[in-house]
Amino acid sequence: MRKIHQVYIDGHFVTPHGTEIAPLYNPASEQVVGEVRLADEVDARAAVAAAKRALAGYSRTTKRERIALLERLSSAFADRLDDLKTAMTEEYGAVRGIVEGLLPLAPKMFDEAAALLASYEFRQTRGSTTVSMDPLGVAVAITPWNLSAVFVAQKVAGALAAGCTVVVKPSELSALQTQIMTEAFDAADLPPGVVNVVTGRGATVGDTLTSHPDVAKVDFTGSTAVGRQIMRNAADTFKRLTLELGGKSPTVLLDDADIPAAVGAALTSGFLNNGQTCFAGTRILAPESRLDEVVEAIESAMPAFAAGDPTDPATGVGPVVSQAQFDRVQGYIRLGKEEGAHLLTGGEGRPEGLDKGWFVKPTVFTGVRNDMRIAREEIFGPVLVVISYRDDDEAVAIANDTPFGLQAHVFSSDAQRARRVAERLEAGTVLINRIFGDPEAPFGGMKQSGIGRHHHTYGLESYLEPRAITG
Ligand code: NAD
């Protein structure tokens, strides 16, 4: 059992002022695998003070110094990938596909930021005006438990490239991964206070950080409900915000799509990370004229998505992260039946043969109307809905009839037609005949899926403030 009893402030591992000890579970066994001593408000303020002290020196570093630092961070993270992989499976039941496919993006976040920095012009003069892009100041990065390393790396890379210092508040549920990442920060030989890490509750540490007057920017990835609270907290001092929030992404299967291939991709997206991915395609929009084929294709593809032991490389879907999430997802499966949707596969209770662990039966509802709650709310578990439509206009209308706008997918054998539909979809990322975007494209949500973008120059500039000097 791992005991994580320290936070990282001002370049040192220190015992937090906070005294609450929280258990860490393996969701596949429900066994306690570790514990974390949580930071409190005092620790949060100490971390901001350290970041503020470090800011004067760090914000004046040269591009070359920052690039060198980002390169050190990339290799420090790369050195710990195997440990992070083990922790991801142990701590939240990540299956091999996620671990192998997505975790390697974490060190790449630093590489991408370094490459961007190399060609970025922080000062541009036109006529008598010079515009300089200056670091915002102390940034706070708040991350969810899922794919924690990728989000921590993404935010720290952006902040440091811009010349900001940062306080990271990771999720309480991912403390094993956080400990490994913090050791990587420490190994990268950063100036003290440039990166600080305080794991604690949202209601204490999170609230303190997002309302602290010395914090200039909050970069948050998590639920829409918490994003809303952070925006309120930030309002008093007009903090700059990047918010990457929830989703209910549509996967539009046009009537000329290769149905078995498109359904395979749609299910892979929907069940990604055991159904716990912000951009998962959780609403499958099927043409009425080919609905029977879509249903058949789902039925024949489902064995590949059976729930099972996440340490088995053949497993497609692992457990959900916590007892609370298990209960919540069960509630949505019950709700789907009450709302009158047809349960095609899955349903309530644990999958056969799995009597321990927070395993949910991978579930697909058909006969779903887009006004049902199972079609409108983010479930964050392996529960998908199939909604039928008559023509492309209706498909677009249904796809856009959602409070979210993170990602959308279109499948078609006609590239021109797919693009015409894609251009009408209200989402920050629209993908044609694929379910993973370009990792260097700007990423973020429209509508209640968030504000701002990561990656690309948009990501870097979200940590910068333009100053125009004329004369
Ligand atoms: P969550 O919103 O419950 O928690 C996210 C983080 O916010 C945690 O570190 C939590 O401790 C903190 N927090 C909670 N209350 C807070 C407060 N009042 N002030 C400040 N911080 C607070 O989300 P989660 O369960 O960890 O993650 C799942 C959610 O994250 C889903 O909604 C998912 O869609 C979303 N998500 C979005 C993206 C994206 O890129 N858009 C990526 C991954 C996850």
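Just so it is clear, the structure is predicted and the values come from calculations on it, not from any experiment. We're numbering straight along the sequence, starting at 1. Every number for a ligand or one of its atoms is a count from 1 in the order of the listing.
Protein residues having a heavy atom under 4.0 Å from any atom of ligand 1 are Ile142, Thr143, Pro144, Trp145, Asn146, Phe151, Lys169, Pro170, Ser171, Glu172, Gly202, Gly206, Asp207, Phe220, Thr221, Gly222, Ser223, Val226, Gln229, Ile230, Glu244, Leu245, Gly246, Cys278, Glu378, Phe380, Leu406, Phe443, listed by chain and number.
Side-chain N or O atoms of Asn370 include one that pairs as donor or acceptor with a backbone N or O of Asp401 at under 3.5 Å. Within the 3.5 Å criterion, the main-chain N or O of Gln31 finds a donor-acceptor partner in the side chain of Ser29.
Taking the centre and axis of the six-membered ring of Tyr463, the NZ or CZ atom of Lys217 falls inside the cone set by 45° and 6.0 Å.
Scanning for side chain to side chain donor-acceptor pair (under 3.5 Å) contacts around His456 gives an empty result, with sequence neighbours left out. Applying the ring-ring contact (aromatic ring centres under 6.0 Å, His included) test to Phe305 and every residue at least two apart in sequence or in another chain returns Phe271.
Applying the ring-ring contact (aromatic ring centres under 6.0 Å, His included) rule to pairs touching residues 144-163 yields Tyr92-Trp145, sequence neighbours excluded.
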